[in-house]
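Predicted model only: the values in this text are computed from it and were never measured. Start at 1 and go down the list; that is how both ligands and their atoms are numbered.
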Amino acid sequence: MMAKSVFVTGATGFVGSRLVENLIDKEYEVTSLIRRGKQSHPKSDSVIGDLTDSKLEIPIENVECVFHLASHTPLEKNKKILEKVNLEGTKNLFEQIKDKTKSLIYISGLGVYGDPGDKIVDENFPYNPDTNFVKIRLEAQKFLEKNCNDLGINFSVVHFGDVYGPRGWFYEFLIKRLLKNTFRLPKNGDYYKGFVHVDDAAGSLISVLEQKTNNESYIVADSTPAKFRDFVDFTAEQIGAKRAGSVPVFLAKTVLGGDLIKLLTTSMKVSNKKISQIYDFKFPSYKEGIPNVISELKSKGLLN
Ligand SMILES: NC(=O)c1ccc[n+]([C@@H]2O[C@H](COP(=O)([O-])OP(=O)(O)OC[C@H]3O[C@@H](n4cnc5c(N)ncnc54)[C@H](OP(=O)(O)O)[C@@H]3O)[C@@H](O)[C@H]2O)c1
């Protein structure tokens, strides 16, 4: 069987790097978009470029799919920078790949659903973003959806819950700070979140690709909506750290910015019924996933 080729943006990031690893394990031929000075997976080809560069060139042959994960995080408070990377960068990317791919999978978050109150959110729930960060990302999604439809490129969007693993916010902000006893919970962590282990985030993206879906959206979170406080307490217990204290929302906003704190403290319970029809979660609950991440961190010497 001929290996299938795919192109991944955000390939050096937390989720993108795991996606590339998993694709290569499944014998896909992967080309990664990486910025100058960064390293791609040794078995991936790479294209060096920055999405914000109007002269961006992506000299790839035809691929089955482009996974678009590159993004600025909601830690960026400057709306102009967010627009430049997340919207203009997406348009630059599309210009380069529009005649070279059969499908495009756009990766987004649950912030598109705004504040759903007590309702369980599934893919039929209306979009209602209430942060600049998500409004800009949704504009990029709509741009891709329309242009893919116009050109006959299969388009799907995947909305991740909070992805935890041995990198990203979970390691950098939670584990490291719990160990130093400096992690604080805005609103005492009293809100529901949909968590997902990074292996399941990457695995579900590959399932979406292999289903050859078109004009579909998927919510990707595990089967156990959990309060942020419980998730954090469980992590602390597993690494032998003290329980986190809390911090008033207004103070947290001054440090991390309004968009990030709003996204973090909005309570949301989601259903993963649709993605579960095409993907079997390895870690249906954080109580199984966190011990796995901790043993990976220990095996890499990142945790005692
Ligand atoms: N992690 C989560 O919990 C979560 C939750 C919901 C949705 N998501 C979405 O999932 C995707 C991946 O998230 P992540 O946590 O893996 O993010 P990440 O670790 O911050 O990685 C972002 C990636 O985008 C690249 N990038 C940023 N600006 C770029 C530019 N101007 N040109 C080219 N590449 C650029 C980064 O490259 P460098 O390495 O060079 O910086 C990096 O590879 C994002 O779209 C994110 O919004 C993530």
Side-chain angles (χ1 to χ4, degrees), residues 7-22 31-41 44 46-58 66-76 78 80-94 96-97 104-113 129 131 133-138 140-141 144 157-174 193-202 204-205 208 217-222 228 231 259-260 263-264 266 268 270 286 289 293:
F7 183 67
V8 180
T9 76
T12 49
F14 164 45
V15 184
S17 58
R18 187 58 64 104
L19 172 65
V20 170
E21 259 172 61
N22 291 5
T31 305
S32 301
L33 178 69
I34 60 168
R35 293 200 275 189
R36 192 161 296 285
K38 292 287 170 102
Q39 291 271 312
S40 62
H41 186 289
S44 165
S46 52
V47 169
I48 296 175
D50 191 300
L51 290 179
T52 59
D53 181 356
S54 57
K55 296 195 187 83
L56 175 71
E57 282 189 21
I58 302 185
V66 171
F67 290 98
H68 181 27
L69 290 92
S71 162
H72 241 305
T73 70
L75 269 172
E76 176 56 64
N78 185 325
K80 288 221 157 55
I81 297 177
L82 286 174
E83 278 172 342
K84 193 160 185 221
V85 177
N86 294 355
L87 181 58
E88 296 311 317
T90 295
K91 291 180 179 175
N92 282 346
L93 169 74
F94 188 75
Q96 285 295 310
I97 53 93
L104 191 148
I105 299 175
Y106 181 64
I107 288 72
S108 173
L110 296 176
V112 283
Y113 298 110
T131 58
F133 173 77
V134 181
K135 285 179 187 164
I136 293 166
R137 302 229 47 205
L138 187 55
Q141 177 186 326
L144 290 174
V157 56
V158 172
H159 297 295
F160 283 153
D162 293 286
V163 187
Y164 63 92
R167 276 181 64 181
W169 65 271
F170 183 74
Y171 180 61
E172 297 299 334
F173 286 103
L174 185 56
K193 309 298 298 170
F195 295 102
V196 57
H197 187 289
V198 67
D199 273 345
D200 285 325
S204 56
L205 289 181
V208 172
S217 70
Y218 293 92
I219 286 173
V220 171
D222 69 21
F228 195 45
F231 180 91
D259 277 8
L260 183 65
L263 289 168
L264 173 64
T266 298
M268 193 173 306
V270 297
Y286 69 89
V293 172

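With hydrogens left out, the protein atom closest to atom 23 (C) of ligand 1 is G10 CA, 3.6 Å, a heavy atom. From the protein, the heavy atom lying nearest to atom 4 (C) of ligand 1 is V163 CG2, 3.9 Å. The protein heavy atom nearest to atom 31 (N) of ligand 1 is D50 OD1, 2.9 Å.
Judged by the shortest distance from any of its heavy atoms, S108 lies inside the 4.0 Å radius around the atoms of ligand 1. Between R167 and ligand 1 there is no heavy-atom distance shorter than 4.0 Å. Ligand 1 has W169 within reach: a non-hydrogen atom of the residue lies less than 4.0 Å from it. Heavy-atom distances between H72 and ligand 1 stay at or above 4.0 Å for every pair. Distances from ligand 1 to the non-hydrogen atoms of G161 include at least one value under 4.0 Å.
Using a 4.0 Å cut-off between heavy atoms, H159 makes no contact with ligand 1 at all.
Around atom 9 (C) of ligand 1, the closest heavy atom drawn from T73, I107, L33, T12 belongs to I107. Closest to atom 44 (C) of ligand 1 by heavy atom, among V85, L75, L69, is L69. The nearest non-hydrogen atom to atom 33 (C) of ligand 1, considering only L51, V158, L19, comes from L51.
Counting only distance, with no hydrogens or angles, the side chain of S32 and the backbone of I34 share no donor-acceptor pair below 3.5 Å.
The closest side-chain heavy-atom distance from F160 to L205 is below 4.5 Å. Side-chain atoms of I107 and S71, non-hydrogen and from C-beta on, never get closer than 4.5 Å to each other.
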F231/F195 under ring pair (Phe, Tyr, Trp, His ring centres under 6.0 Å): CA gap, chis, key distance, verdict: CA-CA 9 Å; F231 180 91; F195 295 102; 3.7 Å; yes
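Considering backbone and side-chain atoms alike, F160 places every N or O at 3.5 Å or more from each N or O of ligand 1. For ligand 1, the polar-atom distance check against T52 finds no nitrogen or oxygen pair separated by under 3.5 Å. Checking only distances, G109 never comes within under 3.5 Å of ligand 1, N or O to N or O.
S217 and H159 are not linked by any side-chain donor-acceptor pair at a separation below 3.5 angstrom, with hydrogens and angles left out of the test.
Heavy atoms of other residues, nucleotides or ligands lying less than 6.0 angstrom from CD of Q39 number 12 at most.
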